[in-house]
Participant: 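So that we are looking at the same thing, I have put the structure below in structure tokens.
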Amino acid sequence: MLNLYNSFTKSLEKVELSSDDVKVYLCGPTVQSSPHIGHGRSSVVFDFFIRYLKYLNYNVSFARNITDIDDKIIIKSSEQNIGFKELANKISKEFEQAYSNLNCLSPDFEPKATEYIDEIIVYIKQILDKDMAYVSESGVYFNTAAFTDYLKLSGRKLEEVISGTRVDIQDDKKAPEDFALWKFAKEGEPYWESTWGKGRPGWHIECSAMINTILGEEIDFHCGGNDLIFPHHENELAQSKAAYPNKNFVKYWLHNGMINLSGKKMSKSEGNVKILNDYIDEYGGDVMRFYFLRAQYRSPQEFSEDLLIESQTTFNKIAEFIKDTKPGPIDKNLINLFEECMGDDLNTPKLIGEIFLQINNSTKLDHLIQNDLKATIRYIFHTLGFTFLKAETEQLSDEKLANYFDNYGIIFESIEQAMNEYIIIREQHRTNEEYEIADVMRDSLLKIGIKIEDGKKDDWSWNNN
RNA sequence: GGCGACGUGGCGGAGUGGCUACGCAGCGGUCUGCAAAACCGUGUACACCAGUUCGAUUCUGGUCGUCGCCUCCA
């Protein structure tokens, strides 16, 4: 049982798919500037979704595009005095790194707009042939008046859209709400040849054309941030329905909520973006994923570094609880809860609550049953794409360790040997009641990932888990 | 201005017509070095005002407030 909120019908719907082969398209980034937390949310949240579809034994075809040509890229690259391709490549690499560090599944297809120019041109022709677009002085435009279902997805009224459009420049459009399929190149702008003239594709057409080329005329899920509903997805839908009027372009539209900073949406126009890779480097992919798991994917989510630290604390608690276990779906009760939560529009915060309830109750259970629970929790987190690997900065390198132990006059050979000597030094301080020194030693050691736990007198243990 | 969403304890965040969500922080305790960690215990919160109801945080209406979209945006 999987219920999901469909933005098109604006209601929770039971997901019913005619085939086990499922097609998913996720609107990827325009590679104009470094990925921020919001990009992270979208990719992780839909990664949970795709992994869950796979868990349900669907055979998923997953495509996520890269918009590597658009007005912003042109402007930014000329500001930086580099080619638009250079900028797009550079930013694409940053996204690639983020996806990989967040352990997001690689898409089966990752089309770039500039690699599908021919298909885009063919697609525009199809729309022109149906008289739903026209060529004007500045480009080729979609004729919204010819498409009766326009604005059905976003639920807007035409007047609102018109009042919102900028009146400047493109006055060669038939109607202000018409949008560009192909923009003719101005002096110095990159361009591709087309039958209408040199230019580049509009923002929305690439998705329609690439979906059509790669996944086909109909797909099951179309995902993206809810800020894309209008105009991007609205226009995409219009184009696709114009080109293929008898096809049901998308069965379920899924949209994630935005990241907020102190209650305000984080966005480029607000200038309050937080760079994703900085936080991944510091906290690691698992903690970032867990942070995103804490909110239901459609709700707005608060972001602050404190919340990231809190996520780290909470996640470590779970990791500590299940350490030394292998994943296995043994505890049927918890598996049922898992499916219940995920089936309820991917209610991951509820899932976390249920898991903690189980952990809290488990102290009363005997070891065997508790181990079943641990294995199941690990299984669930593995299913959702958690690795339980340390963040890179927390990995212990020999060099780092040697450096650290050198401060105490210990020559590092192995971690066991060094720790043995280290403990002797520290215990001496404790015996001498030089607790401040002992505490500094313990705290500084924790910073390089080794935890000392003092027990009774002369009793201690350490680990680098 | 139009359309939409939301308003839960210090923070984050689920949920329900009547029964502890959960996590973090805090507080109390055990242990201890009047420490850290660990462990145990601990919180009658649901914007406001009416209405429906035996009973509403949960349903209905209104008020106030916040946020989003309407312009590039995940």
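Quick note on labels: first sequence line is chain A, next is B, and so on, each numbered from 1. Computed from a prediction, not measured in an experiment: that's the story for all the values here.
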Participant: Does the ring of Phe109(A) carry Arg64(A) above it, NZ/CZ under 6.0 angstrom from centre and within 45° of its axis?
Facilitator: no
Participant: Could you please name the option among G13(B), C72(B), C67(B) that lies closest to any side-chain atom of Pro231(A)?
Facilitator: C72(B)
Participant: Is it the case that the side chain of Arg298(A) and the backbone of Asn256(A) share a donor-acceptor pair, with hydrogens and angles ignored and the cut-off at 3.5 Å?
Facilitator: no
Participant: Output the residues of residues 67-90 of chain A in contact with RNA chain B, where contact means a heavy atom of the residue under 4.0 Å from an atom of the strand; sort by number or write none.
Facilitator: Lys72(A)
Participant: Counting side-chain heavy atoms from C-beta on, which of A74(B), A35(B), A14(B) comes nearest to His39(A)?
Facilitator: A74(B)
Participant: Would you say Glu206(A)'s side chain and Thr114(A)'s backbone share a donor-acceptor pair under 3.5 angstrom?
Facilitator: no
Participant: Under 4.0 Å between a side-chain N/O of Lys265(A) and OP1 or OP2 of C69(B), yes or no?
Facilitator: yes
Participant: Out of A74(B), G33(B), G12(B), which has the shortest distance to the side chain of Ser42(A)?
Facilitator: A74(B)
Participant: Under 4.0 Å between any heavy atoms, over every strand shown, what does Gly257(A) touch: base, sugar-phosphate, or nothing? Just pick one.
Facilitator: base
Participant: Just to be sure I understand the rule, does His36(A) reach a base, reach only the sugar-phosphate, or reach nothing, if contact means heavy atoms closer than 4.0 Å?
Facilitator: base
Participant: Please name the nucleotide paired to G1(B) by Watson-Crick or G-U wobble geometry with both distances under 3.5 Å, or report none.
Facilitator: C70(B)
Participant: Using the ring-ring contact (aromatic ring centres under 6.0 Å, His included) criterion, which residues pair with Tyr297(A)? Sequence neighbours excluded.
Facilitator: none
Participant: Whether Arg294(A) and Glu310(A) form a salt bridge (side-chain N of Lys/Arg under 4.0 Å from carboxylate O of Asp/Glu) is what I want to check.
Facilitator: yes
Participant: Report all interatomic pairs (protein N or O, nucleotide N or O of nucleotides 21-30 of chain B) with separations under 3.5 Å.
Facilitator:
{"from": "G23(B)", "atom 1": "OP1", "to": "Asn360(A)", "atom 2": "ND2", "distance (Å)": "2.9"}
{"from": "G23(B)", "atom 1": "O2'", "to": "Thr314(A)", "atom 2": "OG1", "distance (Å)": "2.5"}
{"from": "G23(B)", "atom 1": "N2", "to": "Glu310(A)", "atom 2": "OE2", "distance (Å)": "2.6"}
{"from": "G23(B)", "atom 1": "N3", "to": "Glu310(A)", "atom 2": "OE2", "distance (Å)": "3.4"}
{"from": "C24(B)", "atom 1": "OP1", "to": "Lys317(A)", "atom 2": "NZ", "distance (Å)": "2.6"}

Participant: From the options Phe142(A), Phe147(A), Phe230(A), select the one residue that forms a ring-ring contact (aromatic ring centres under 6.0 Å, His included) with Phe179(A).
Facilitator: Phe142(A)
Participant: Taking Arg41(A) for its side chain and Met258(A) for its backbone only, find out whether a donor-acceptor pair lies under 3.5 Å.
Facilitator: yes
Participant: Over all strands shown, is Ser43(A) touching base, sugar-phosphate only, or nothing at heavy-atom distances under 4.0 angstrom?
Facilitator: nothing
Participant: Using the rule given for salt bridge (charged side-chain N to carboxylate O under 4.0 Å, His left out), can you reason through Asp47(A) versus Arg289(A), listing the C-alpha separation, both sets of side-chain angles and the distance that settles it, and then say yes or no?
Facilitator: CA-CA 10 Å; Asp47(A) 187 62; Arg289(A) 286 182 82 91; 2.6 Å; yes
Participant: State whether Asn347(A) places a side-chain N or O below 4.0 Å from either non-bridging phosphate oxygen (OP1 or OP2) of G15(B).
Facilitator: yes
Participant: Starting from P on A14(B), measure out to OH on Tyr297(A) and report it in whole angstrom.
Facilitator: 13 Å
Participant: Within the 4.0 Å heavy-atom criterion, would you say Ile259(A) contacts the bases, only the backbone, or no part of the nucleic acid?
Facilitator: base
Participant: Give a yes/no answer on whether the side chain of Ser7(A) brings an N or O atom under 4.0 Å of OP1 or OP2 in G4(B).
Facilitator: no
Participant: Out of C67(B), G15(B), G33(B), which has the shortest distance to the side chain of Arg442(A)?
Facilitator: G33(B)
Participant: Give none if G28(B) has no partner; otherwise give the nucleotide forming a Watson-Crick or G-U wobble pair with it, both distances under 3.5 Å.
Facilitator: C40(B)
Participant: By nearest nucleotide on RNA chain B, pick out whichever of Glu436(A) and Asp443(A) is the more 5' one.
Facilitator: Glu436(A)
Participant: Could you tell me which nucleotide pairs with G51(B) by Watson-Crick or G-U wobble geometry, both distances under 3.5 Å, or answer none if nothing does?
Facilitator: C59(B)
Participant: Do Asn277(A) and Ser34(A) come within less than 4.5 Å of each other through their side chains, counting heavy atoms only?
Facilitator: no
Participant: Just checking Glu433(A): base, sugar-phosphate only, or nothing, at a heavy-atom cut-off of under 4.0 Å?
Facilitator: nothing
Participant: Please step through ring pair (Phe, Tyr, Trp, His ring centres under 6.0 Å) for the pair Tyr291(A) and Phe315(A), ending with a clear verdict.
Facilitator: CA-CA 9 Å; Tyr291(A) 161 75; Phe315(A) 180 74; over 10 Å; no
